[in-house]
Chemist: 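Take this structure, written in structure tokens, and hold onto it; I'll ask about it next.
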2 protein chains.
Amino acid sequence: MQIPLTTPVRCSQCPIRHRAVCAKCDEDELALLESMKTYRRFEAGDTVLWRGEELEYVASVVEGVAALSKTMEDGRTQMVGLLLPSDFIGRPGRREIEFDVTATTDLTLCCFKRAPFEALVEETPHVAQRLMELALDELDAARDWMLLLGRKTAREKIATFIEMLVRRAHFDGTQGIRQDLPMTRDQIANYLGLTLETVSRQLNALKKEGVLAFPDRRHFEVLDLAALQDATGDDADGGMIS
Amino acid sequence: MQIPLTTPVRCSQCPIRHRAVCAKCDEDELALLESMKTYRRFEAGDTVLWRGEELEYVASVVEGVAALSKTMEDGRTQMVGLLLPSDFIGRPGRREIEFDVTATTDLTLCCFKRAPFEALVEETPHVAQRLMELALDELDAARDWMLLLGRKTAREKIATFIEMLVRRAHFDGTQGIRQDLPMTRDQIANYLGLTLETVSRQLNALKKEGVLAFPDRRHFEVLDLAALQDATGDDADGGMIS
DNA sequence: CGGGCTTTTGACGCCGCTCAAAGATAGTGG
DNA sequence: CCACTATCTTTGAGCGGCGTCAAAAGCCCG
């Protein structure tokens with residue numbers, strides 16, 4: 001299941017150096033983290049952690065995408081978080097988590113043993129502060145997501161999802177650029193509170209309208225960004241006064 | 001309905017002393033907070049803060065219930081947080097919030113000016129730690145809520161909501177006890193991602209089945225707790241091994 | 001080329017939304 | 001104390017979006 005450890009890059013050259021839990025650390029603090037860390041790799045589809053399992057490690061996502069999801073007895077599943085590079089897994093003061101963590105793409109984690117990391121958090125306010133910022137950012141994201149799940153139509157959900165991918169890939173405003181679609185239709189459905197059939201139908205509707213194109217199942221292009229943003233149901237200019 | 005507090009009580013006798021942002025503070029820290037705080041009262045229905053408004057204060061809920069909600073251009077509204085006594089409004093490092101805060105019942109807040117409070121957070125790790133715990137608890141609640149919004153049926157949503165009220169009122173296991181229903185049907189609908197008609201129909205269905213009773217519109221009794229928990233769709237015993 | 005996946009497409013039905021109107025309830029002023 | 005009004009709630013009828021079920025089509029990798 002788990003692929004052999006790869007060798008950690010040096011923190012100072014880490015791609016998530018300026019955004020992860022270590023973002024505010026000075027040289028000394030970084031050296032401490034450096035000595036504690038190990039890398040772990042997972043393949044797309046692997047389960048990283050099971051709900052209720054005791055947390056041995058906490059970790060930052062270095063590369064790839066991980067999903068947090070909850071499942072009901074009868075199998076209904078809802079994703080409750082999407083972790084991208086620099087996002088953090090685990091929380092100080094809790095021995096376990098109440099959702100599953102799975103790799104949706106190939107995934108590299110920068111892991112710290114939980115106990116020593118928690119001790120470190122107590123002593124280095126820079127880490128604690130950053131951890132708090134990350135938690136609050138996730139809370140903001142969760143709230144946007146709740147609006148989507150509770151009130152948006154299938155079409156709006158899909159458009160919002162695609163637009164988020166575009167925005168997060170930092171391709172703002174660019175059109176016609178081939179982009180990564182890091183999940184299967186089924187995973188997208190579990191992300192958006194839909195069925196995979198509805199996801200497929202809505203994506204193809206946007207394709208038929210000339211808004212999106214799909215070079216293959218794992219990539220897409222935005223042909224008409226304005227139409228896409230229109231379809232999200234969100235305020236067009238993000239609340240700016242026009 | 002309770003008579004809201006108008007003049008601040010002493011921190012040492014505060015009803016939320018052991019759960020709010022000040023929970024971990026020692027005597028000295030408490031004295032500092034005591035000197036900074038002012039109370040504010042709102043009536044049911046009042047708006048406490050508008051989305052985008054600059055935050056002058058941060059605050060703890062002392063008494064009553066406040067709701068965080070997001071509204072789309074066409075009027076669709078979704079609650080994204082429910083604040084009960086000891087919950088915190090505002091976040092360090094942000095000048096504004098991106099949802100409305102309204103009082104769903106009469107409400108008493110313990111307010112701190114934002115700038116001095118933020119300075120305090122920097123210096124007193126006890127406050128920062130507690131703030132973090134509160135944020136992470138809210139994140140957990142938001143994730144449960146996302147499962148509800150994305151995957152549960154109307155009946156399950158209603159049952160989950162009522163069961164949550166029962167649990168939070170610390171009436172575990174007791175049946176037939178008159179309890180407060182702190183929101184209108186319309187607010188419940190916005191909480192659960194439903195329409196008010198569906199809320200009404202589902203509540204009356206549970207009444208017809210003898211699961212609930214409604215002495216008046218602002219109160220309810222649980223007549224059959226087992227049936228209620230059955231209807232939530234959640235694992236009956238909370239994941240315990242039986 | 002064949003087997004196992006993911007995705008697409010179609011037919012159909014139901015849950016929850018919409019629209020509409022009547023029924024409670026509470027608050028207000030005469 | 002009783003209209004009168006505003007607000008909240010209930011109830012009904014009808015419809016449509018999305019889920020369900022089913023099957024075919026496309027894609028990947030041996």
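Computed from a predicted structure; not experimentally measured. Residue numbering restarts at 1 for every chain, and letters A, B, ... go by the order of the sequence lines.
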Chemist: Between Leu206(B) (CG) and dT9(D) (C1'), how many Å, whole number?
Modeler: 16 Å

Chemist: For the residue pair Thr108(B) / Arg41(B), report whether a side-chain donor-acceptor contact shorter than 3.5 Å exists.
Modeler: no

Chemist: Measure CE/Met183(B) against C1'/dT7(D) and give the value in whole Å, please.
Modeler: 17 Å

Chemist: Could you please name the option among dC19(C), dT9(C), dG16(C) that lies closest to any side-chain atom of Glu197(B)?
Modeler: dC19(C)

Chemist: Scan side-chain atoms only and decide if Gln179(B) and Glu221(B) contain a donor-acceptor pair under the 3.5 Å cut-off.
Modeler: no

Chemist: Between Arg201(A) and dC18(D), is there a side-chain N or O to OP1/OP2 distance below 4.0 Å?
Modeler: no

Chemist: Specify the separation, in whole Å, of atom CZ of Arg151(B) and atom P of dC15(C).
Modeler: 17 Å

Chemist: Give a yes or no on whether the backbone of Gly75(B) and the side-chain of Thr77(B) come within a donor-acceptor separation of less than 3.5 Å.
Modeler: yes

Chemist: Rounding to a whole Å, what distance do you find between Arg155(B):CZ and dG16(C):P?
Modeler: 11 Å

Chemist: Is the distance from OP1 or OP2 of dC18(D) to the nearest side-chain N or O of Thr198(A) less than 4.0 Å?
Modeler: no

Chemist: Look at Asn204(B) and dT11(D) and indicate whether a side-chain polar atom (N or O) is within less than 4.0 Å of OP1 or OP2.
Modeler: yes

Chemist: Please report, rounded to the nearest Å, how far the P atom of dT20(D) is from the CG atom of Leu194(A).
Modeler: 11 Å

Chemist: From the options dT7(C), dC8(D), dG19(D), select the nucleotide whose nearest atom is closest to the side chain of Thr184(B).
Modeler: dC8(D)

Chemist: Considering every strand and a 4.0 Å limit on heavy-atom distances, what is the contact class for Asp216(A): base, sugar-phosphate, or nothing?
Modeler: nothing

Chemist: Report which part of the nucleic acid Gly45(B) touches: base, sugar-phosphate, or nothing (heavy-atom distance under 4.0 Å, all strands).
Modeler: nothing

Chemist: Quick one: label Arg217(B) by what it contacts on the DNA or RNA (base, sugar-phosphate, nothing), any heavy atom closer than 4.0 Å.
Modeler: base

Chemist: Is there a side-chain contact between Arg185(A) and the phosphate of dT6(C), meaning an N or O under 4.0 Å from OP1 or OP2?
Modeler: no

Chemist: How many whole angstroms separate atom NZ of Lys207(A) from atom P of dT8(C)?
Modeler: 7 Å

Chemist: What pair of heavy atoms forms the shortest contact from Ala103(A) to Glu43(A), and how long is it?
Modeler: CB-O, 3.6 Å

Chemist: Tell me the interatomic distance from Leu203(B), atom CG, to dC8(D), atom C1', rounded to whole angstroms.
Modeler: 13 Å

Chemist: Is it true that Asp140(A) and Arg94(B) have a side-chain N and a carboxylate O under 4.0 angstrom from each other?
Modeler: yes

Chemist: Could you state the atom-to-atom distance from CG of Asp186(A) to P of dG19(D) in whole Å?
Modeler: 13 Å

